[in-house]
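Only a predicted model underlies this, so the values are computations on that prediction, with no experimental measurement involved.
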Amino acid sequence: VSECALLREWFGFHAADAAEVRMFRGGALQALPEEHFSRLVALREEFQQSRPQASALPRVSTAARDASGALKSKHLALQTARALAEAISSQDEEKLRSSVAQALELGLQNSTVEEAECLLRRLTSEQDLATAMQGDDEEALQVAIAVAMEHGAEAAKIEEADRAASRMAAERELAVAVQTGIEASLSQAIAT
């Protein structure tokens, strides 16, 4: 009995004679017959003399016993995966950003997260490409074309950007030619 941790803990909170011993007979609890009661009293006296030291059972942490935490994280991972799949199918950049951030925060690394990251880079590079096409900086447009090609932007958008870059280059060359022509005419006029 002294080796049983559960009994030692029980003894720490209850007196040794606090347990009532009864007999189960005929579907009901009954008092112990006299012949067994005298043996019970003898065992209680023996136990009082060699009573084990009361102690508490070692406790398992509530976090270890709480399976709901693991279930919550699995549920959150499933929700994040669904949000990623929805954002990928809709190609919504804001949804992609938030769901990828949430997936990375949860530590998810799978093909869906990688696909979402690639799609996000592609959408961002296509948006940067469109912005560069509206500007007048040929070098920025060339960089945006290279980045868009690297991230797998749509071929039609890259071709359109190439045409815009060619147009910018032609305009720049024309401006240089006009400027050079004006300078040549001015030089000739000054010389005469």
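Separation of atoms OG (Ser99) and CD (Gln79) is listed at 12.5 Å; rounding is to 0.5 Å. In this structure, NE2 on His75 lies 7.0 Å from CG on Leu78, to the nearest 0.5 angstrom. Considering CD of Glu114 and CG of Leu119, their distance stands at 13.5 Å, rounded to 0.5 Å. Atoms OG and NZ, on Ser89 and Lys95 in that order, are 8.0 Å from each other to the nearest 0.5 Å. Taking CD from Glu117 and CD1 from Ile88, the interatomic distance works out to 10.0 Å, rounded to the nearest 0.5 Å.
Counting non-hydrogen atoms of other residues, nucleotides and ligands closer than 6.0 Å to CD of Gln30 gives a total above 12. Within 6.0 Å of the CD atom in Glu139, the count of heavy atoms belonging to other residues, nucleotides or ligands does not exceed 12.
Among pairs with a residue in residues 148-165, those fulfilling salt bridge (Lys or Arg N to Asp or Glu O under 4.0 Å) read Glu126-Lys157, at least two apart in sequence or across chains.
Every residue meeting the side-chain contact (heavy atoms from CB on, under 4.5 Å) condition with Ala77, not counting sequence neighbours, appears here in chain and number order: Leu108. Partners of Thr124 under the side-chain contact (heavy atoms from CB on, under 4.5 Å) rule, at least two apart in sequence or in another chain, are Glu93, Arg97, Leu120, Asp128.
Here the closest non-hydrogen pair linking Ala140 and Ala132 is O-CB, 4.2 Å. Minimum interatomic distance between Met133 and Ala164 (heavy atoms only, all atoms of both residues): CG-CB, 4.2 Å. When every heavy atom of Ser125 is checked against every heavy atom of His151, the shortest pair comes out as OG-CB, 3.8 Å. Residues Leu141 and Ala161 approach most closely at CD2-O, 3.7 Å, considering heavy atoms. Counting all heavy atoms, side chain and backbone alike, Glu138 lies closest to Ala165 at OE2-O, 4.1 Å. In this structure, Gly135 and Met168 approach most closely via the heavy-atom pair O-CE, 3.0 Å.
Put simply, Met149 and Leu129 are part of the same group of oily side chains (I, L, V, M, F, W, Y) that touch within less than 4.5 Å, one to the next. Leu84 and Leu106 fall within a single hydrophobic cluster, where Ile, Leu, Val, Met, Phe, Trp and Tyr side chains are chained together by heavy-atom contacts under 4.5 Å. Hydrophobic clustering of Ile, Leu, Val, Met, Phe, Trp and Tyr side chains at less than 4.5 Å, counting indirect connections, unites Leu104 with Leu76.
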